[in-house]
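Here is the naming used below: chain letters follow the sequence lines, and residue numbers restart at 1 for every chain.
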Number of protein chains: 2
Amino acid sequence: MLIGQLAERAGVNPKTIRYYEEIGILAAPERTHAGYRVYDESNVELVTFVKAAQRLGLRLDEIKEILAFRERGEQPCAYVRDVLRREVGEIDDRIAELQRLRDELSALDRLADAEPGPGDGDSGPCPLIGHARESPRTARTP
Amino acid sequence: MLIGQLAERAGVNPKTIRYYEEIGILAAPERTHAGYRVYDESNVELVTFVKAAQRLGLRLDEIKEILAFRERGEQPCAYVRDVLRREVGEIDDRIAELQRLRDELSALDRLADAEPGPGDGDSGPCPLIGHARESPRTARTP
DNA sequence: CTTGACCTTCCAGTCGAGTGGAAGGATTAC
DNA sequence: GTAATCCTTCCACTCGACTGGAAGGTCAAG
């Protein structure tokens, strides 16, 4: 199959396939006489795998690592588990922070309902955010 | 105070201050005779505020919006609450996904302990990730 | 034989939030 | 007087994962 078919079957852009090849996620495939890339079912499988791994929050360089394990005939699960555990740890922090924020937010929701009116002198632009002053960093879902 | 002091007091790079000015987060300050930017306490407050808002996951353009509310003497809390609620909603999805992943992960941890050994034929590069095939997208904490 | 849908490469741009560095002016300390 | 340190502007680069577009080759259908 050609790049367009692979892309469609895996649900990605053909450009993405070439990009994966460029960064070493996919091996350079056979070409037709005309120079067209030729793929088979295993490539569909592979791209689908990459996308699944991405959904778990893995970066392409990590996925590449994992694929290298396979290359060497090793089970990458230990590595994968490390990566995922790290990820889960990071997310735990974020979850905790968000939980805290959510509690604060609903508390302030009630507060704001009870005590409305304009004015911006005392606690910065928004008292909501003033509460976050000492909290650790929290990043955004991209 | 000059830009270096402000930067240090707010815990950021001087470049960041200039960047904030460039994108309209900070107003252009007074200058000395020599063209140096001059700041006061309120700027420390402001940059600290921006950083706090970022910790809550707000983007700079959202923070700019919030500061514009203040400019107009309005309470931005309604807007802030909308933004935060959206954020919380997004995070909820991510939390749910992660919770699912974590359950899966610990289940597979036990599975992997019970049934070790190499081999890469049956379920893709890693059975851990094979499980994620049908899951919705999950993005990474940056 | 031409049209249109593919394919190729290469170059450049996107988003967000900065950061690095060069070239040059100002101020302070010794 | 001169060296160190700060400041200025401007331009370009970073990260990650693509995506857009131009210029050109190829292939099957009509």
Please enumerate all protein N or O atoms sitting under 3.5 Å from an N or O of nucleotides 26-28 of chain C, with distances to 0.1 Å.
from, atom 1, to, atom 2, distance (Å)
C:dA26, O4', B:Y36, OH, 3.2

Please list, in numerical order, the residues of residues 2-14 of chain B that have a heavy atom closer than 4.0 Å to any atom of DNA chain D. B:L2, B:I3, B:G4
Could you tell me which residues satisfy side chain to side chain contact (heavy atoms under 4.5 Å, CB included) with B:Y36, sequence neighbours excluded, listed by chain and number? B:L2, B:T32, B:A34
Validation row: A:K51, A:V12 side chains within 4.5 angstrom (heavy atoms): yes
Residue list, salt bridge (charged side-chain N to carboxylate O under 4.0 Å, His left out) with A:E22, at least two apart or on another chain: none
Do the non-hydrogen side-chain atoms of A:Y39 and A:V44 ever get within less than 4.5 Å of each other? no
Check side-chain hydrogen bond (donor to acceptor under 3.5 Å, both in side chains) between A:E41 and all other residues, then give those that pass, not counting sequence neighbours. A:R9
Heavy-atom nearest nucleotide on DNA chain C taken for A:G35 and for B:L60; more 5' hit belongs to A:G35
Residue pair B:F49 / B:I63, side-chain heavy-atom distance below 4.5 Å: yes
Range on DNA chain D touched by chain B - first to last nucleotide, heavy-atom distance under 4.0 Å: D:dC6 to D:dC10
Applying side-chain hydrogen bond (donor to acceptor under 3.5 Å, both in side chains) to A:N13 and not counting sequence neighbours gives none
Just to be sure I understand the geometry, which residues of residues 17-31 of chain A put a non-hydrogen atom under 4.0 Å away from DNA chain D? A:Y19, A:Y20
Mind checking what makes salt bridge (charged side-chain N to carboxylate O under 4.0 Å, His left out) contact with B:R18, not counting sequence neighbours? none
Looking only at side-chain N and O atoms, does B:Q54 come under 4.0 Å of OP1 or OP2 in C:dG16? no
Would you find a donor on one side and an acceptor on the other, under 3.5 Å apart, between the side chain of B:K64 and the backbone of B:I23? yes
So, using side-chain hydrogen bond (donor to acceptor under 3.5 Å, both in side chains) as the criterion, who are the partners of B:Q5 when residues are at least two apart? none
Given side chains that start at C-beta, do those of B:L60 and B:Y20 come closer than 4.5 Å, heavy atoms only? yes
Here the pair of heavy atoms bringing A:P14 nearest to A:A7 is N-CB, 3.6 Å
Between B:E30 and B:R37, is the closest basic N to carboxylate O distance under 4.0 Å? no
